[in-house]
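So the structure is just underneath, and the comments pick up after that.
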Amino acid sequence: MPAEFEFPSALAGCINATTKVVVLTGAGISADSGIPTFRDSQIGLWKNYKPQELASIRAFEKDPKLVWDWYRWRRGLIDRAEPNPAHYALKQLEECAPETTIITQNIDGLHRKAGTTHLIELHGNIHRARCLPEDKSLLTWDYKADIPLCPDCGGRLRPDVVWFGEPLPNEELAYAVRCSRECDLFLSIGTSGLIEPAASLAYEALRCGAKVIEINLEATPLTVYATHVFTGQAKSILPPLIEWMITSR
Ligand code: BV8
């Protein structure tokens, strides 16, 4: 039993090679890698802007350079960040329980950097751009240009992320809903659970009979419904908890 945390016996060894596990992560899991969450990311020159206003097609159409500047600033933070023990614990989980699906709201790519393969990026990825005229994703472009243009057609590029008011990618969302409905265990990690439709996944899992575990720094709307709640940093709680759920007998 880890000295620092008391984990319930009900979770001891509850994960094996056939357990269907779904994990939903939010910005909180990357906060331990030094990437500020939305609610605390507006520091310095960005303190006069609300993220939900900048992460919108309206802001982009009004001032595309400002929005690209914001994403360049965030990408600078992200490219200096490394996965933390919480990301690696999920990689270990995926190795021990191959039926694990990691669903992230984050656009920082840290799960993939930690080696996670069975990953759904619901809100896109900051390392991709999308050509507006051709509606295709690009992995390389001149992202230092004030307003980057498509190297193929010369059309305007935008960050390949889902902005507020935009639909999530159909296939990814449908797959995330199906996994949440079919899982035995749902972990909600480092998310305020305020952004829809991602926030509804935990309730789908509950409705379909799954155990739901929440790990977060603060209470969220999910807290009162979760089967188990662990309040604290994901990087401190998740590694021993996954160890407990996989190895304890
Ligand atoms: C859509 C990419 C429909 C961009 C992001 C009901 C149903 C459907 C939609 C809505 C609905 N009600 C309202 C809506 C609209 C809206 C919405 O949800 N609004 C909210 C404000 C109510 N949803 C949308 O617009 C979505 N689109 O539904 O379209 C549609 C359908 C058809 C046709 C047209 C339209 C799109 C939402 C996606 C927006 N894009 N990201 C970018 O990143 O630039 S969302 C973005 O903000 C993040 O991805 C994240 O998901 C969200 C919140 O960010 P954070 O606050 O940073 O993170 P999080 O909430 O995860 O909180 C961090 C938590 O971690 C905190 O609780 C903190 O305590 C904790 N923490 C901190 N440190 C740690 C920690 N925990 C553990 N350890 C730590 N160390």
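In listed order, ligands and their atoms are each counted from 1.
Under 3.5 Å, the side chains of Thr116 and His87 contain no donor-acceptor pair of N or O atoms.
With hydrogens left out, the protein atom closest to atom 54 (O) of ligand 1 is Phe38 CB, 3.3 Å, a heavy atom. Counting only heavy atoms of the protein, atom 78 (N) of ligand 1 lies nearest to Ala234 N, 2.9 Å. Atom 21 (C) of ligand 1 has Gln52 NE2, 3.7 Å as its closest protein atom, hydrogens excluded (heavy atom only). Given atom 1 (C) of ligand 1, the protein heavy atom at minimum distance is Glu166 O, 3.3 Å. Atom 6 (C) of ligand 1 has as its closest protein heavy atom Glu196 CB, 3.4 Å.
Listed by atom number, the atoms of ligand 1 under 4.0 Å from Gly26 heavy atoms are 61 (O). Counting the atoms of ligand 1 from 1 in the order shown, those under 4.0 Å from a heavy atom of Arg74 are 42 (C), 43 (O), 44 (O). Set against the non-hydrogen atoms of Gly232, the atoms of ligand 1 under 4.0 Å away are 77 (C), 78 (N). The ligand atoms of ligand 1 that sit less than 4.0 angstrom from a heavy atom of Gly190 are 61 (O), 63 (C), 64 (C), 65 (O), 76 (N). The contact set between ligand 1 and Gly165, taken as ligand atoms under 4.0 Å from a residue heavy atom, comprises 24 (C), 25 (O), 34 (C), 35 (C). Listed by number with element, the atoms of ligand 1 under 4.0 angstrom from any heavy atom of Trp163 are 36 (C). Each of the following atoms of ligand 1 lies closer than 4.0 Å to a heavy atom of Pro197: 28 (O).
Side-chain contact between Leu185 and Val22 is absent, with no heavy atoms from C-beta onward closer than 4.5 Å.
In terms of the salt bridge (Lys or Arg N to Asp or Glu O under 4.0 Å) criterion, residue partners of Arg72 (sequence neighbours excluded) are, by chain and number, Asp69.
Under the side chain to side chain contact (heavy atoms under 4.5 Å, CB included) test applied with Ile126, the options Asp79, Asn106, Ile107, Asp160 reduce to a single match, Ile107.
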